[in-house]
Protein chains: 2
Amino acid sequence: MSPKTRNVTQREIAKIAGVSQTTVSMVLNDRDGSNVRIPEATRERVRQAIEQSTYVADPAARRLAGLDNKIIGVFTYEPALSPESMDFYGPLLNGLERAAEQIGCDLLFFTSSPVENGSRSLFHRNTRLRLADGCILLGQHMDGGDLTRLVDEGFPFVAVGRRDETDAHVPYVGIDYATLTTELVDAATALGHTDAIYLHHDRESPTANDRRAALQAAHERGDLRFTHVSVDTTDLAELPSVIAGAGASIVFAQDAFIAEDAAGALASAGIAVPAQVSITALGDVSGHRIEGVALSGFHTPRLQVAADALGLLQRLVTTPSDDWADLDTQRLLAGRVEIGDTLTSSAGIR
Amino acid sequence: MSPKTRNVTQREIAKIAGVSQTTVSMVLNDRDGSNVRIPEATRERVRQAIEQSTYVADPAARRLAGLDNKIIGVFTYEPALSPESMDFYGPLLNGLERAAEQIGCDLLFFTSSPVENGSRSLFHRNTRLRLADGCILLGQHMDGGDLTRLVDEGFPFVAVGRRDETDAHVPYVGIDYATLTTELVDAATALGHTDAIYLHHDRESPTANDRRAALQAAHERGDLRFTHVSVDTTDLAELPSVIAGAGASIVFAQDAFIAEDAAGALASAGIAVPAQVSITALGDVSGHRIEGVALSGFHTPRLQVAADALGLLQRLVTTPSDDWADLDTQRLLAGRVEIGDTLTSSAGIR
DNA sequence: CTGAAAGCGCTTACAG
DNA sequence: CTGAAAGCGCTTACAG
């Protein structure tokens, strides 16, 4: 129970201005509909009264009466504001904050649902989800069930990152990792690499599949043979022997952190990067360096992803759901390959 | 207008369970007051009905009916999620997120008010402030007027950082910079320093004053003579000559960033740190290094500050405002001086 | 042009 | 023990 002091209401404004409460509402919302035409004099009187008071509309009442809120929910499947998650979430949150300021809305972070097994649940008995006009979903590993339910309920939302639910049309804005991966593979091939290791996590996700599919295609074309190695089940200390066994000269890592770990393992074994073995990440490498040199990988427009996601959400919120089909609700943004200093033609391990 | 699909309400649950809507509300809120004693059988029937539906209470309606929301507002006077502000805001936001999860509340970031002259305004025509149970205020430079108005309105809030408004009792949680500064001055004195430069911004704030007062006291005790230099009006290229002119052997910088800039200026002039001149910051130096060595300064418990601020706010929200006077609403947390590698006995500039 | 009335979904005295 | 009713502060048909 919050110890609220009574706040100024429209009724009080109405009394001061000598009009009805309805009129105050009309003036505030600039309603000039079919049979409403409030003379400027009246409007002015109301505005004066408001000006002199500290009136602020109660957002709860507005919401309850069916209006929108200018509040966008932000749901992250992992803690978003911890130092560890900043590498991934930082640019996205930054982009959201800027875009939110642009369109004048507040951001409601659903921090209340406790993180269980490393991931939060969107729906729980006391979710404040519906207080928001719509919701942005962020996370390396989203729950497909949540997305489907949101679609079923007709609640406006946008996922950040490509999704491929088959049972529901999920709006998303993501990065085109398939194209980036193919470009990087081509670059490696052009440098003479023929055999590669792909270091990855076991967990599946649409964007993980995108990378894998692009590698698979290259493999089948005969451009670059891949040996897949899971970092979840393989000790990286074995990496050198795996590389030697596969006759590989390059390591593709699913993301920059795996690439860093791999580089560490190679350094420990006295293997020179990139003279003997090249390393490249299939993820954003901004700010990631390996022994002072720029890690090879992608640059991805994550600020833009966030801004586009919020823009799309805004359109969903303001469009009747019947017309959502006309909207371009699934968007992949192009990134840029950054060859960096850890990818070159390499001798391999003898 | 959001395209809401109708949601399940208490009335529908009531119909299913064959009870009145009031009873549903009672069960949900576990009301077992004076003349309410709902038999377990009825409770169970209602719970069943809820279980089988997708019922979630409408937060707007609850709020309008006078309950609390489990939503805490977060107001930052500068953009909080940009890379530049992470050094300051990062640990605070991290602490807030953790504490919010602990106590089960969501965080509403007031990102909508545009930043004007580098700072946001809390009160504006469409503020969603009142949707929150209370509000945490963050920022290097808060508006005293906002704080006073919040106190006047009886709205629960806590400022992060010491405040010294004289016209209102402002609840805050901050760092005890005065003590830290004194400790650092003593350490410098013990190392033989007698003359120092204080590099600072012009802008005033309680925490800036705390530092200044501690330096002033040392100056008057004759421990360490200070020459004050504003980085806003002085080109740091002149720093070496200023130091030489003052016969100083140490530079105190208001924060780590100024310290870094000062170090850069000295390096450009070929002056050795700390052999010739020591540098120390009067702010948190976590993660700040100067040419690979640890910058001297403070370690401040910013996660704890955030957690305490939220805890205090929670107590304000749940305490009738008449009893706020009994609460310990102004708290300074102790930090720790980190001598680091840039503070030692220095020769000075000849 | 303006106001009385219904309704949004909840909670909480207040009668039965 | 349970339900009908009032009220939270707003918006929006609907009558005047």
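In what follows, chains carry the letters A, B, and so on, assigned in the order in which the sequence lines appear, proteins first and then strands, with residues in each chain numbered from 1. None of these values were measured; they are calculated from a predicted model.
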Subject >> Pi-cation contact, Tyr172(A) with Arg331(A) (under 6.0 Å, within 45°) >> reply: no
Do the side chains of [X] and [Y] get close enough for a salt bridge, i.e. N-O under 4.0 angstrom?
X: Arg315(B); Y: Asp323(B); answer: no
X: Arg63(B); Y: Asp133(B); answer: yes
X: Glu97(B); Y: Arg120(A); answer: yes

Subject >> DNA chain D stem ranges, 3 or more consecutive Watson-Crick or G-U pairs under 3.5 angstrom >> reply: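 Consecutive-pair runs (3 or more) involving DNA chain D: C:1-3 with D:14-16, C:5-12 with D:5-12, C:14-16 with D:1-3.
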**OP:** Select base, sugar-phosphate, or nothing to describe what Ala57(A) touches, counting heavy atoms under 4.0 Å on all strands.
**Re:**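 Answer is sugar-phosphate: Ala57(A) comes under 4.0 Å of backbone atoms only.
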Original post:
Is there a donor and acceptor pair, one atom on the side chain of Thr22(B) and one on the base of dA4(D), closer than 3.5 Å?
Top reply: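 By the distance-only test, yes, there is a pair.
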**OP:** Using heavy atoms to find the nearest nucleotide of DNA chain C for Pro39(A) and Arg62(B) separately, return the residue whose nucleotide is more 5′.
**Re:** Pro39(A)
In whole Å, what is the span from the [atom1] atom of [X] to the [atom2] atom of [N]?
X: Ile50(A); N: dG9(D); atom1: CD1; atom2: P; answer: 16 Å
X: Arg43(B); N: dC1(D); atom1: CZ; atom2: P; answer: 10 Å
X: Arg45(A); N: dC1(C); atom1: CZ; atom2: P; answer: 14 Å
X: Arg11(B); N: dG3(D); atom1: CZ; atom2: P; answer: 15 Å
X: Leu28(A); N: dG9(D); atom1: CG; atom2: P; answer: 15 Å
X: Asp68(A); N: dT12(D); atom1: CG; atom2: P; answer: 10 Å
X: Leu64(B); N: dA6(D); atom1: CG; atom2: P; answer: 17 Å
X: Arg63(A); N: dG9(C); atom1: CZ; atom2: C1'; answer: 13 Å

Will you find, in the side chains of [X] and [Y], an N or O donor that is under 3.5 Å from an N or O acceptor?
X: Ser112(B); Y: Asp106(A); result: yes
X: Thr22(A); Y: Ser25(A); result: no
X: Tyr55(A); Y: Glu12(A); result: no

Please determine if a side-chain N or O atom of [X] lies less than 4.0 Å away from the OP1 or OP2 oxygen of [N].
X: Asn29(A); N: dT11(D); value: yes
X: Thr23(B); N: dG3(D); value: yes
X: Ser25(B); N: dT11(C); value: yes
X: Gln21(A); N: dT11(D); value: no

Of the nucleotides [options], which has the atom closest to the [X] side chain?
X: Met26(B); options: dA13(C), dG9(C), dC10(D); value: dA13(C)
X: Asp58(B); options: dC8(C), dC10(C), dG9(D); value: dC10(C)
X: Thr42(A); options: dT2(D), dT2(C), dT12(D); value: dT2(C)

**OP:** Check the surroundings of atom CD in Glu40(B): do more than 12 heavy atoms from other residues, nucleotides or ligands lie under 6.0 Å from it?
**Re:**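 Enclosed: over 12 neighbouring heavy atoms sit under 6.0 Å from CD of Glu40(B).
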